[in-house]
Amino acid sequence: QVQLVQSGGGLVQAGGSTRLSCAASGSIFSINAMGWYRQAPGKQRELVAIIFTSGSINYADSVKDRFAISRDSAKNAVYLQMNNLKPEDAAAYYCNLLGRTTSVTALTNYWGQGTQVIVSS
């Protein structure tokens, strides 16, 4: 019902930059938030950045001042600009949408397919 398609990422040198994009489509009635999570091998998935419909933004402490999340509400898209990348940023990054497909359905998390970010030192 809701599809999230990600693009971007890949191999980046330490200190470099890359940008992730995610576009949502399908039966979207409302969106509470869109964000990015990441999961490194052997670790739990963690929140990287989230932007709420209100405009409020939260970042993981580890990426503050280096990453920037933005959203295009008209396109139901979210972006993550990643600067000054470090080897510890290497992970699979997942786009997330928290929303509803109708006015009476429960808030649901939807996920993108994931995209790998590899940081070479």
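Note that the CD1 atom of I51 and the CD1 atom of I69 stand 6.0 Å from one another [nearest 0.5 Å]. Going from atom CG of N58 over to atom CG of L47 covers 7.5 Å, rounded to the nearest 0.5 Å. Distance check: I50 CD1 to S56 OG gives 9.0 Å after rounding to the nearest 0.5 Å.
Residues R45 and Y94 are in side-chain contact: their nearest non-hydrogen atoms beyond the backbone lie under 4.5 Å apart. N109 is listed as a side-chain neighbour of N96, based on a closest heavy-atom distance under 4.5 Å. For the pair I28 and T101, the minimum side-chain heavy-atom distance is 4.5 Å or more.
Residue pairs that meet the salt bridge (charged side-chain N to carboxylate O under 4.0 Å, His left out) test with at least one member in residues 110-121, sequence neighbours left out, do not exist here.
The two residues R100 and T105 make their nearest non-hydrogen contact at NH1-O, 2.7 Å. Shown here for Q116 and A92, the closest heavy-atom pair between the two residues is OE1-CB, 3.6 Å.
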Derivation of the side-chain contact (heavy atoms from CB on, under 4.5 Å) call for V117 and M82: CA-CA 10 Å; V117 173; M82 307 163 67; 4.2 Å; yes
Test log, rule side-chain contact (heavy atoms from CB on, under 4.5 Å), inputs L80 and F67: CA-CA 7 Å; L80 185 68; F67 291 10; 4.2 Å; yes
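For D61, the side-chain hydrogen bond (donor to acceptor under 3.5 Å, both in side chains) partners are K64, not counting sequence neighbours.
Taking a 4.5 Å side-chain heavy-atom cut-off between Ile, Leu, Val, Met, Phe, Trp and Tyr, the cluster of F29 contains only that residue. Side-chain heavy-atom separations under 4.5 angstrom define the hydrophobic clusters, and the remaining members of the one that includes I118 are L11.
Y110 and Y79 fall into different hydrophobic clusters, defined by Ile, Leu, Val, Met, Phe, Trp and Tyr side-chain heavy atoms under 4.5 Å apart, directly or through other members. Linking ILVMFWY residues whenever their side-chain heavy atoms come closer than 4.5 Å, directly or via other members, places L97 and I57 in the same cluster.
A donor-acceptor pair under 3.5 Å is absent between the side-chain atoms of R71 and the main chain of V78, judged by distance alone. Between the T115 side chain and the Q6 main chain, no donor and acceptor come within less than 3.5 Å of each other.
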Which atom pairs, one a donor and one an acceptor, fall under 3.5 Å between side chains of residues 31-41 and the rest of the protein, sequence neighbours left out?
from: R38; atom 1: NE; to: E46; atom 2: OE2; distance (Å): 2.7
from: R38; atom 1: NH1; to: D89; atom 2: OD1; distance (Å): 3.0
from: R38; atom 1: NH1; to: Y93; atom 2: OH; distance (Å): 2.9
from: R38; atom 1: NH2; to: E46; atom 2: OE2; distance (Å): 3.3
from: R38; atom 1: NH2; to: S62; atom 2: OG; distance (Å): 3.3
from: Q39; atom 1: NE2; to: K43; atom 2: O; distance (Å): 3.1

Side-chain donor-acceptor contacts of residues 12-24 below 3.5 Å, not counting sequence neighbours, with atom names and distances?
from: S17; atom 1: OG; to: N83; atom 2: OD1; distance (Å): 3.0

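Annotation: Q1, atom CD; neighbour count of heavy atoms from other residues, nucleotides and ligands within 6.0 Å does not exceed 12.
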